[in-house]
Participant: 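Before anything else, here's the structure in question.
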Amino acid sequence: MTATGAMIETIGYAATSPEAPLGPFSFARREPGPTDVRIDILFCGVCHSDLHTARGEWPGTVYPCVPGHEIIGRVAETGTSVKGFKRGDLVGVGCMVDSCQHCASCAEGLEQYCENGMTGTYNSPDKHTGGVTYGGYSKEIVVEQKFVLRISDKLDPAAAAPLLCAGITTWSPLRHWKVGKGTKVGVVGLGGLGHMGIKLAHALGAHVVLFTTSPSKTADALALGADEVVISKDAAAMAARAGSLDFILDTVAAPHDLDPFLVALKRDGVMTLVGAPAEPHPSPGVFNLIMKRRSLAGSLIGGIAETQELLDFCAKHNIVSEIETIPIDRINEAYDRMLKSDVRYRFVIDMKSLPKTV
Ligand code: NAP
Ligand code: ZN
């Protein structure tokens with residue numbers, strides 16, 4: 001822990017208990033140290049992980065909790081040793097704000113798997129203050145320069161915010177499992193992650209099949225770049241897909257039966273779980289794995305270099321998220337709509353709507 005030193009009084013929105021609606025909260029950020037960047041937050045995307053954490057669905061939420069890890073803003077101030085960022089630059093911060101920087105995973109640019117524990121943007125022990133980290137539902141944030149991403153001015157800043165989590169969480173497994181031309185990919189669930197999964201897999205040249213529980217999303221899925229749409233509640237339609245896919249990305253935020261999806265994989269196919277429900281999925285049938293040497297895997301966000309690669313790819317191909325911009329006082333309603341799969345396809349908070357005082 002470094003000396004706490006002077007602090008900057010600021011404001012955000014916090015959950016104070018699993019049941020309480022989020023509301024205005026005043027707290028302090030550290031003054032930027034030599035390698036820190038202070039960012040005025042313009043927009044913050046709303047991830048289902050924010051809801052899982054704020055409502056205490058995953059273990060370990062420390063209250064008050066300020067969620068938000070899809071942050072876009074402008075550099076307001078840089079520490080004396082900061083290179084590569086200057087006041088006014090458009091920047092992003094995703095799900096991590098620090099890691100040990102010397103373990104094998106960090107050395108490979110896989111900070112999300114830091115063997116000494118990466119520091120999450122919110123609800124993580126804060127090495128600087130000794131408290132807990134507070135996320136992007138706030139006026140400003142102070143971040144170590146290595147965890148600040150460059151955002152092209154070509155991208156709409158509000159619609160680029162979800163690239164920092166929904167984007168990288170789908171990009172990283174698509175790249176790791178080498179999805180591209182000639183690959184048949186299934187995306188399960190059309191929400192924040194799922195719609196980015198479709199756009200990115202399509203841009204990488206794959207043939208994309210969306211599996212959804214919501215027939216009303218069919219036309220949108222095709223417009224986003226899916227080649228086919230399957231209603232996953234239709235057992236006959238699922239059975240007709242048996243043995244057809246190389247890779248499946250499962251983004252669903254609730255426990256569900258994995259077997260119909262595993263069966264849809266070819267021999268040697270891989271199904272990767274990125275959705276992180278609070279309760280486990282029912283165990284899949286072992287024979288569905290054994291008989292065709294299929295794999296069931298998982299993946300966590302993505303590393304910093306890989307996130308920059310994604311952001312640069314999106315700038316080049318003009319890819320952003322489909323968003324509904326909300327003022328911050330509608331965040332609780334947005335959470336309730338997210339639980340009903342009623343998001344098209346990511347809520348993004350316009351931080352101008354933050355109150356000036358609590
Ligand atoms: P989201 O926008 O709410 O989308 C989830 C989608 O899952 C829904 O739109 C819905 O799609 C489908 N779904 C089917 N049954 C559902 C049910 N009973 N309850 C909720 N959704 C259901 O959520 P998201 O922000 O994309 O996040 C998805 C999951 O990924 C969350 O669990 C989140 O915590 C996790 N996550 C993981 C990582 C990681 O690093 N692995 C990173 C970010 C988020 P259809 O209507 O098409 O069926
Ligand atoms: Zn997220």
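One-based numbering, in listed order, for ligands and for the atoms of each. Positions are given from 1, in the same order as the sequence printed here. Atoms considered below: every heavy atom in the structure, side chains included; atoms not considered: hydrogens, waters and symmetry mates. Computed from a prediction, not measured in an experiment: that's the story for all the values here.
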Participant: Would you please classify the geometry between the Tyr137 ring and the Tyr335 ring as parallel, tilted or perpendicular, with 30° and 60° separating the classes?
Facilitator: tilted

Participant: Could you tell me the residue and atom name of the protein heavy atom closest to atom 21 (N) of ligand 1, and the distance to it rounded to 0.1 Å?
Facilitator: Ser341 OG, 3.9 Å

Participant: Going by the order shown, which atoms of ligand 1 are within less than 4.0 Å of some heavy atom of Cys165?
Facilitator: 42 (C), 43 (C)

Participant: Show the atoms of ligand 1 that are less than 4.0 angstrom away from any heavy atom in Arg346.
Facilitator: 24 (P), 25 (O)

Participant: Give a yes or no on whether a salt bridge exists between Asp40 and Lys139, defined as a side-chain N under 4.0 angstrom from a carboxylate O.
Facilitator: no

Participant: Looking only at N/O atoms, are Gly194 and ligand 1 under 3.5 Å apart anywhere?
Facilitator: no

Participant: Counting non-hydrogen protein atoms only, what is the nearest one to atom 48 (O) of ligand 1? Give residue, atom name and distance.
Facilitator: Thr213 OG1, 2.6 Å

Participant: Within the distance-only criterion (no hydrogens, no angle test), does the side chain of Lys217 pair as donor or acceptor with the backbone N or O of Leu190 below 3.5 angstrom?
Facilitator: yes

Participant: Closest non-hydrogen protein atom to atom 29 (C) of ligand 1, residue and atom name please, with distance?
Facilitator: Thr251 O, 3.4 Å

Participant: Could you tell me whether a side-chain N or O of Glu111 sits under 3.5 Å from a main-chain N or O of Gly303, the two making a donor and an acceptor?
Facilitator: no

Participant: Going by heavy atoms, is Ala166 under 4.0 Å from ligand 1?
Facilitator: no

Participant: Would the distance check show the side chain of Thr133 and the main-chain N or O of Gly120 forming a donor-acceptor pair, the cut-off being under 3.5 Å?
Facilitator: yes

Participant: Using modelled atom types and a 3.5 Å cut-off, is there a donor and acceptor pairing between side-chain atoms of Asp227 and backbone atoms of His207?
Facilitator: no

Participant: How close does the nearest protein non-hydrogen atom get to atom 4 (O) of ligand 1, and which residue and atom is it?
Facilitator: Gly191 CA, 3.3 Å

Participant: Under 3.5 Å, is there a donor-acceptor pair between the side chain of His195 and the main chain of Gly191?
Facilitator: yes

Participant: Could you list which atoms of ligand 1 come closer than 4.0 Å to a heavy atom of Trp58?
Facilitator: 34 (O)

Participant: Asn123 side chain to Gly60 main-chain N or O, any donor-acceptor pair under 3.5 Å?
Facilitator: yes

Participant: Looking at Arg38 and Glu31, is any side-chain nitrogen of the basic one under 4.0 Å from a carboxylate oxygen of the acidic one?
Facilitator: no

Participant: For atom 31 (C) of ligand 1, find the nearest protein heavy atom and state the residue, atom name and distance (0.1 Å precision).
Facilitator: His52 NE2, 3.5 Å

Participant: For ligand 1, which atoms sit closer than 4.0 Å to a heavy atom of Thr212?
Facilitator: 45 (P), 46 (O), 47 (O), 48 (O)

Participant: Please report which non-hydrogen protein atom sits nearest to atom 46 (O) of ligand 1, along with the residue it belongs to and the distance in Å to one decimal place.
Facilitator: Ser214 OG, 2.5 Å

Participant: Please indicate whether any nitrogen or oxygen in Cys47 is less than 3.5 Å from any nitrogen or oxygen in ligand 1.
Facilitator: no

Participant: State whether the shortest distance between N or O atoms of Tyr345 and N or O atoms of ligand 1 falls below 3.5 angstrom.
Facilitator: no

Participant: For atom 1 (P) of ligand 1, what is the closest protein heavy atom, and at what distance to 0.1 Å?
Facilitator: His48 ND1, 3.7 Å

Participant: Taking heavy atoms and a distance under 4.0 Å, where does Ala254 meet ligand 1: side chain, backbone, both or neither?
Facilitator: side chain

Participant: If you round to 10 degrees, what value do you get for the angle at the Zn ion (ligand 2) between Cys165 atom SG and His69 atom NE2?
Facilitator: 110°

Participant: Would you call Asp36-Arg30 a salt bridge at under 4.0 Å N-O?
Facilitator: yes

Participant: Taking Gly56's backbone N and O only, do any of them form a donor-acceptor pair with Tyr63's side chain (distance below 3.5 Å, no angle check)?
Facilitator: yes

Participant: Hey, which atoms in ligand 1 end up nearer than 4.0 Å to a heavy atom of Ser299?
Facilitator: 39 (C), 40 (O), 41 (N)

Participant: Closer than 3.5 angstrom, by distance alone: can the side chain of Asn332 be matched with the main-chain N or O of Leu22 as a donor-acceptor pair?
Facilitator: yes

Participant: Looking at every heavy atom in both Ile71 and Ile141, which two are closest together, and how far apart are they?
Facilitator: CD1-CD1, 4.0 Å

Participant: For atom 15 (N) of ligand 1, which of the options Ile301, Val187, Val252 provides the nearest non-hydrogen atom?
Facilitator: Val252

Participant: Show which atoms of ligand 1 fall inside a sub-4.0 Å distance from at least one heavy-atom site of Leu300.
Facilitator: 40 (O)

Participant: Considering only heavy atoms of Gly189, which atoms of ligand 1 have at least one such atom less than 4.0 Å away?
Facilitator: 11 (O), 47 (O)

Participant: For Met338, counting its heavy atoms only, list the atoms of ligand 1 lying under 4.0 Å from any of them.
Facilitator: 3 (O)

Participant: Does any N, O or S atom of Cys47, backbone or side chain, fall under 2.8 Å from the Zn ion (ligand 2)?
Facilitator: yes

Participant: Counting non-hydrogen protein atoms only, what is the nearest one to atom 11 (O) of ligand 1? Give residue, atom name and distance.
Facilitator: Leu190 N, 3.2 Å

Participant: Check the angle between the aromatic planes of Phe27 and Phe25 and answer parallel, tilted or perpendicular using the 30° and 60° thresholds.
Facilitator: parallel

